[in-house]
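Working notes for the structure below.
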Amino acid sequence: MLTLDELTTGADALLRTVEADGQCPAPAECAGSRRPTGPVAVRPATGPREPQDEHAPVRVIEQVEACDDRWRPRKAAGRPRETLFVLPAADGRLPDGPQPALRTLARAGAVAVAVASPHGPGPAVPALAEAARRTGLPLLVPTRPCTAPELLGLLLQRLAEALRDSIEQRDRLLELSARLNRQGKGPGPLLHWLGAQTSSRVTVLPGRGGRGRADLPGTVLEKVAAGRMRSAALETGGHHVLLHPIGAEAPHRILAAVRETPWPRHHSALVAQAAGQVALLQHPLTLRTRERRLRRGETALRTSAWRHLMAGETTQAATALEPLLPELLDADVCQVYVVQCAPGEDRAALAAEIDAALGRRALVAAPAEEDHVIAVRAGTDDPEEAAEPLRPVVEARPHRAAGASRPVPWIRTAHAYRTALQALAAARDGGGDRVHVHAGTAPLAHRLPPPARAWAAGLLAPLLALPEPEREELIGAARLALDAEPPRPARPTGTRTHREAAARRLERVMELVGLDRTRPAHRAVLELALHLADPPTPVPAVTAPTLAELLDQDAAREYAAELLAPLRADQLGLLITWVEHDCRAQPCAEALGVHRDTVSSRLAEVAAVLDRRLGEHGNGSYDVLLALVIDGALPPGILPAASGRASPSTAPAPGTTHLGPPGTARIYNALLGGEDHYAGDRDMADQVMAVFPTAGTAARANRAFVQRSTRWLAAEAGIRQFLDIGTGVPASPNIHEIAQAVAPECRVVYVDHDPVVLAHAHALLGSTPEGRTAFVLADATDPGGILADSCLTVTLDLSRPVAVSLNALLHFIDDGQDPQGIVRRLMEPMAPGSYLVVTHGTDAFDTDIPRRVSRIYCRAGLPATYRDREQITRLFDGLELVEPGIVPPHRWRPEPGAELPADTDVLMYAGVGRKP
């Protein structure tokens, strides 16, 4: 549509408005001709517009029509339309009575009249302007001299251009609406475009309640929302508002468009048409929202069913699948497929392809691996043929690959998943066929004899204390995380993936059973136990073998020989080095003196030969690690010597089969030649003595220092209270026996975190009638818990001096746990005159042996940190060192004439400090 303002303003204006009290400019001023000669003023066509009423109605021109010499319309009268009438030049020959003629034109729909001026405004224009003012019609003159036919042609051309622009604007509206509909988007972009086109603010108001804006009349909104008004145009608060209902059903949502000036008719029409398009866009958007909710619900059911299957819960899985695949679990066996996405591929789209390829009769889900899609279907007699439907899917895009398990009972879905992952590794690294079916060799867990289940049940026994739903969730997630790569760093949004959640649950499971999630050997042991005890059951009433005994079976040796047989000597050497460096390519490459890419390439070749996926995580790596230990290529010490774990309340008595990982207290007992330890502890002690032959000498030197320092504190320093943290397995004479021999009133509190030490507490709790002893089961890394324990507070009076002993303990606390801070927190509440007694392993005399010993302990999940003399001295900050200061334990006030070992045979420092 064309407006009067568009004809009279701007650089391309065709007309100017004539004011009755002004002067008409000469053609020279208007179009480069002569100066004005009459008293008529014309609004300039260019430059800033004069101030006008911003709320004046916008005059829209629907048609342009010429008048005859008597100023009558040339066309027959019809429905009045907004018309701009073009009048012949006045030239002083006005028809009789211009006022009646102008009123006739106004009744015919005139919005303005334009007087042609071939020679510029004439002398009759002022009188005509006054008559037009009385009639209420604007009087216009051309910006340059032109005849009536010329002016009519120019105005019709401008009207045609405006109509074309209006049509193009509506076409753009329809094109934008169609594009948004194809893209599945809502009407937001269309509303933004409409506001820009109409210089307005456009929004959609809710229909329910009838009110969406406090500044709009509620009654009008309610009527439009209820469908009682087809549309509404109103002025409120200095704004002009258009309201249109959206959709066919009440209550309608409302399209509201607001601008500060009155609405031109063509803009009003555009808003009305846009309301229809918004309705069309919102209808499929509502359907898509419902579809998305349904898909999310279906995905949740599929994920739940998959987790139940991984946990061996076939009944719960069948219940979850009842709405989707009610007959899936009717078959006796299943087959699992794992398909790897191409880089950057949409996993949901690939899942849809797989679902279609398998006839929509399979459970298709997304596992912890973010680039994998899982499918589980009823198994067939020919697994190779059953995998064929996936071949077109895999070959449709480069870098896709698929691995398939062999048919297994539904209860063994977790095992089938692991073998499918191994087959995927072969398909991905084999370089040929990208669809691979697992060869079907029996895993280690299926070859071990029945007592192996007792070992697994003992290791997993702490999980039985959890509520069954929590236990099942933890174990299902742990199984997934054991096979998955570690999670990537958290996204900037903070959202967490399934893989991150599974990793957290795996960490908790391993903490509960006393294993370290960061160590591949520990993860391998947990995976073996989960395979054997599926689900975890109470410990059988049989003697459980140790892990070393379990792996020293003919069936285990046959498994290892079968798995490693295809390897060349150089490939076997690569695997040994790789496993020794925690299955990490970079440290392995540094040890071999080659580039990381070389190691990765060689590992890929080995993975293809073994039909296993080899990485820092994953069951393929665990299989290889266990096989190398069984075969003797790696020492047993690389594995945690675990055959179960007991809680403190059920700590085994001496001489029974141990159900837990090695303990520093029991290893120390073995080094001293004692008998209160178990096979796993003895094995650890043997490994230590293999690299540190004088470890027994060091243990005895440490014990002798403890006895001498205790005697000195009681006899010469006058100490009557002792706090011994990290007590270890009792061996007479104990601290209370030494101290009470000097002063029977001495009081001693022993602290240790090992339940086995608690089982021997009867040896520590004997006391003289004058004195007192107590035992606290606590960890040295929790000083606050130790000091707040009621057994300590009723035994020791911290307002009087106390001797705090930390003997052979702090080297088992790494720097991240702040050993110096632990000492400081222990000594802060002690009274002046208290003492600190410390012995600590050191690498000051030899660096190679401490490094190797530390490595042995770390492999068993017992981090050991040897420190130099300066670091050990800092433990006594704020205290006064007792002579001779920080020295090897055998050199601290030795007995006269005693034969002292070499410092390199002991590798420890000792010291006593007094709190001033």
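The figures that follow rest on heavy atoms only: side chains count, while hydrogens, waters and symmetry mates do not. These figures come from a predicted structure and were not determined experimentally.
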Greater than 12 external heavy atoms within 6.0 Å of R391's CZ: yes
CZ (R172) with more than 12 external heavy atoms under 6.0 Å: yes
What distance separates [X] [atom1] from [Y] [atom2], expressed to the nearest 0.5 Å?
X	Y	atom1	atom2	result
D355	L350	CG	CG	11.0 Å
H192	T203	NE2	OG1	13.5 Å
Q197	L176	CD	CG	10.0 Å
Y337	L358	OH	CG	6.5 Å
L7	L84	CG	CG	6.5 Å

Considering all heavy atoms, the nearest [X]-[Y] contact:
X	Y	value
L159	E62	CD2-O, 3.7 Å
M229	P245	O-CG, 4.3 Å
L325	A362	CD1-O, 3.3 Å

Within the 4.5 Å heavy-atom criterion, are [X] and [Y] side-chain neighbours or not?
X	Y	result
H239	E260	yes
R302	W306	no
L321	L329	yes
R377	P389	yes
L324	L363	no
P138	L4	yes
L270	L173	yes
L174	Q277	yes

Side-chain donor/acceptor of [X] to backbone N/O of [Y], under 3.5 Å:
X	Y	answer
S304	A300	no
E395	P392	no
S199	G195	no
T143	L15	no
T413	W410	yes

side-chain contact (heavy atoms from CB on, under 4.5 Å) between V278 and L191, intermediate numbers included: CA-CA 8 Å; V278 170; L191 299 178; 3.8 Å; yes
Ion pair R400/E353, N-O distance below 4.0 Å: yes
E130/R133 salt bridge by N-O under 4.0 Å criterion: yes
Residues E82 and Q63: side-chain donor-acceptor under 3.5 angstrom: no
Donor-acceptor side-chain pairing of H372 and R347 below 3.5 angstrom: no
Cation-pi, W263 ring and R259 (6.0 angstrom, 45 degrees): yes
Given V115, V113, T17, V86, the one that forms side chain to side chain contact (heavy atoms under 4.5 Å, CB included) with L140: T17
Under the salt bridge (charged side-chain N to carboxylate O under 4.0 Å, His left out) test, residues paired with R179 that sit two or more places apart: none
